[in-house]
Undergrad: 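Here you go, one structure.
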Amino acid sequence: MSDFKTKVTAVNEIVIIETEGYLNNEGGQMVYDICIDKMASGSRKFLLNLSGTKVVNSIGVSIIIEVIEKLQEVEGKLGYYNMAPIVEKTFHIMGLSKYSSLYKTEELALLEF
Amino acid sequence: MSDFKTKVTAVNEIVIIETEGYLNNEGGQMVYDICIDKMASGSRKFLLNLSGTKVVNSIGVSIIIEVIEKLQEVEGKLGYYNMAPIVEKTFHIMGLSKYSSLYKTEELALLEF
Amino acid sequence: MNSPTVELKLPILPNMELVATQTADIIAKHMHLSEDQSGEITMALIETCINAFEHSKAGNNIFIHFIIEESSLVIKVIDQGIGFDKSKVAIPKIENKIGKDERKRGWGLQLIQALMDSVEFESTDSGTTVTMTKNK
Amino acid sequence: MNSPTVELKLPILPNMELVATQTADIIAKHMHLSEDQSGEITMALIETCINAFEHSKAGNNIFIHFIIEESSLVIKVIDQGIGFDKSKVAIPKIENKIGKDERKRGWGLQLIQALMDSVEFESTDSGTTVTMTKNK
Ligand SMILES: Nc1ncnc2c1ncn2[C@@H]1O[C@H](COP(=O)(O)OP(=O)(O)O)[C@@H](O)[C@H]1O
Ligand SMILES: Nc1ncnc2c1ncn2[C@@H]1O[C@H](COP(=O)(O)OP(=O)(O)O)[C@@H](O)[C@H]1O
């Protein structure tokens, strides 16, 4: 029912995870697993393309907080782009914008990353 | 709330009406008004591009039957393309396929029209 | 155990039937019904809802129950209106409508029955319940 | 006259909160609320629903009422669960969570209050009602 999907690509050393669907518990866990896996093989920079995610819940976003924490331990970083307004607002309210970077577009994200 | 919209263009002598949204009472009436108007200025061939209409009701489709009837009076014709499966099935159940033409794509529609 | 049930009470306002169809859509996904099945449910639900809105003369609200069974989805659309005698409703034919005086409408019941696996009508002068089933 | 009300009874099943958000979406369109307002309602509704699903320990169903008023949409999310004392819920801060042992969760109530124009909690040991309002 949630139909959360991901597509993983890479640009230079940056892992780009494109998401589709409701970022809930399961969705968050899928993103987490990908990041942990890629970190194990040396990746440190992660960008989430959230254009296909129009809706999230706080459980899913809490798992993103865990990703940020894991990345801090290895001096990695996380960013997002193409966020729906309510998703962006939610990330701001929860304070994720203090520990990770929000970009309007992929171009801007890649430029700074 | 229904947000039904239309965009009218023409290819050769064919009037193409692209619809967006729920084809209900109001939606059907909007299509009807456009057809009557264009018929008054001489148009006889009409195609509906229904790609943006995922849902219809029988009141809306009944108004399309009225369009077919008006077109019969002037030896005009009506066709549709890019229909969602349930819209196509509804047109079949109601028998519109006997008095107007269903095409898969614009190309096929223009070819036969 | 009772089957999980979603219940909806809808006020009679323009296009409120779309609340019912959106609900059905999510339930259909939850039950892993196909896109085609989901579309058929949508269309049948639109027609039952607009009938209840338009013809029942019920004052305020209609009620929709979605009963999630093991191998089917059962939907009940309930109004507390004037009721009707289904046996007196003519079966529509497009041949009798195009180029004829006959009213172009009258397709709802036909569509509902064509699109669902089974449909039952219970109607008295205190209301109508349409029970429709889509098998998995 | 009573305000038009949509009522929803939802079984406790995965992602059923999306039925509520889809319903809210259509009502928001009907009321001509903006996309932003609609998104805020969606998110607040998801959080209240998952709280009722997850924390209330209610057995079966939750109830949602959408009351369409002249100048606001009032939403009540009702469970018949164990209740809770909101004054005992800590206010979450990301600084206390990242790199600390604190559980990463605990954001729902915060979000609901940030996104809606007013929020009221009534909770006893026989259930919780969250009443949230979005003004036009
Ligand atoms: N819920 C209902 N309450 C009262 N009458 C109804 C109801 N549903 C259907 N009817 C009657 O059945 C007739 C046929 O309905 P339908 O096939 O949906 O076509 P239409 O709505 O276009 O008339 C209606 O015109 C109405 O008289
Ligand atoms: N409907 C409810 N019934 C019982 N307890 C609730 C309810 N809603 C919230 N709570 C309590 O409030 C706490 C905080 O909720 P919330 O801010 O949504 O964060 P989270 O759900 O992540 O814990 C919950 O952990 C729970 O103890």
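Protein chains get the first letters and strands the later ones, always in sequence-line order, with residue 1 at the start of each. Since the model is a prediction, treat every value here as computed from it, not as a measurement.
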Undergrad: Taking 4.0 angstrom as the limit, do A:Glu13 and A:Lys45 come out as a salt bridge?
TA: no
Undergrad: Quick check: does any side chain N or O of A:Thr6 sit under 3.5 Å from a backbone N or O of A:Ile17, one acting as donor and the other as acceptor?
TA: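 No; judged by distance alone, with no hydrogens or angles, the pair does not exist.
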Undergrad: Using heavy-atom distances under 4.5 Å, tell me whether A:Lys98 contacts chain D through its side chain, its backbone, both, or neither.
TA: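 Looking at A:Lys98, just its side chain touches chain D.
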Undergrad: Check the pair D:Leu109, D:Phe121 against side chain to side chain contact (heavy atoms under 4.5 Å, CB included), reporting the backbone distance first and the verdict last.
TA: CA-CA 10 Å; D:Leu109 302 179; D:Phe121 298 86; 3.6 Å; yes
Undergrad: Taking side chain as everything from C-beta outward and backbone as N, CA, C, O, which of these in A:Leu96 sits under 4.5 Å from a heavy atom of chain D? Side chain, backbone, both or neither.
TA: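 Both parts, heavy atoms under 4.5 Å.
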Undergrad: Counting only heavy atoms not in D:Lys100, do more than 12 sit closer than 6.0 Å to its NZ atom?
TA: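 Yes - once you tally the heavy atoms of other residues, nucleotides and ligands closer than 6.0 Å, there are more than 12.
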Undergrad: Given a strict heavy-atom distance threshold of 4.5 Å, which part of A:Val56 is in contact with chain D: side chain, backbone, both, or neither?
TA: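 Both backbone and side chain.
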Undergrad: Taking only Lys NZ, Arg NE, NH1 and NH2, and the carboxylate oxygens of Asp or Glu, determine whether D:Glu54 and D:Arg105 approach each other closer than 4.0 Å.
TA: yes
Undergrad: I need the residue from D:Glu95, D:Glu35, D:Gln110 with the largest number of non-hydrogen atom pairs under 4.5 Å to chain A.
TA: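 Heavy-atom pairs under 4.5 Å are most numerous for D:Glu95.
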Undergrad: Please state whether the side chain, the backbone, both or neither of D:Glu40 comes within less than 4.5 Å of a heavy atom of chain A.
TA: both
Undergrad: Do A:Tyr81 and A:Asn49 pass the side chain to side chain contact (heavy atoms under 4.5 Å, CB included) test, and can you show the C-alpha distance, the side-chain angles, and the key distance before you say yes or no?
TA: CA-CA 5 Å; A:Tyr81 59 91; A:Asn49 175 355; 3.5 Å; yes
Undergrad: Determine the option with the most heavy-atom pairs under 4.5 angstrom with chain D, choosing from A:Asn25, A:Val55, A:Val61, A:Ile65.
TA: A:Ile65
Undergrad: Just wondering, more than 12 heavy atoms not from A:Lys54 lying within 6.0 Å of its NZ?
TA: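 Above 12, so yes.
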Undergrad: Would you mind checking which part of D:Lys93 comes under 4.5 Å of any heavy atom in chain A, side chain (CB onward), backbone (N, CA, C, O), both or neither?
TA: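 Contact with chain A involves no heavy atom of D:Lys93 at all.
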Undergrad: Against chain A, label D:Ile98 side chain, backbone, both or neither, depending on which of its atoms sit under 4.5 Å from a heavy atom there.
TA: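 Both backbone and side chain.
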Undergrad: Enumerate the residue pairs fulfilling side chain to side chain donor-acceptor pair (under 3.5 Å) with a member in residues 70-79 of chain A, sequence neighbours excluded, ordered by first and then second residue.
TA: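 Sorted pair list comes back empty.
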Undergrad: Side chain to side chain contact (heavy atoms under 4.5 Å, CB included) between D:Lys104 and A:Ile63: does it pass, once the steps are laid out?
TA: CA-CA 7 Å; D:Lys104 305 299 174 253; A:Ile63 301 176; over 6 Å; no
Undergrad: Does NZ belonging to D:Lys136 count more than 12 external heavy atoms closer than 6.0 Å?
TA: yes
Undergrad: Output the residues of residues 64-84 of chain D for which the shortest heavy-atom distance to chain A is under 4.5 Å, in residue-number order; output 'none' if no such residue exists.
TA: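 Interface residues of residues 64-84 of chain D: none, nothing closer than 4.5 Å to chain A.
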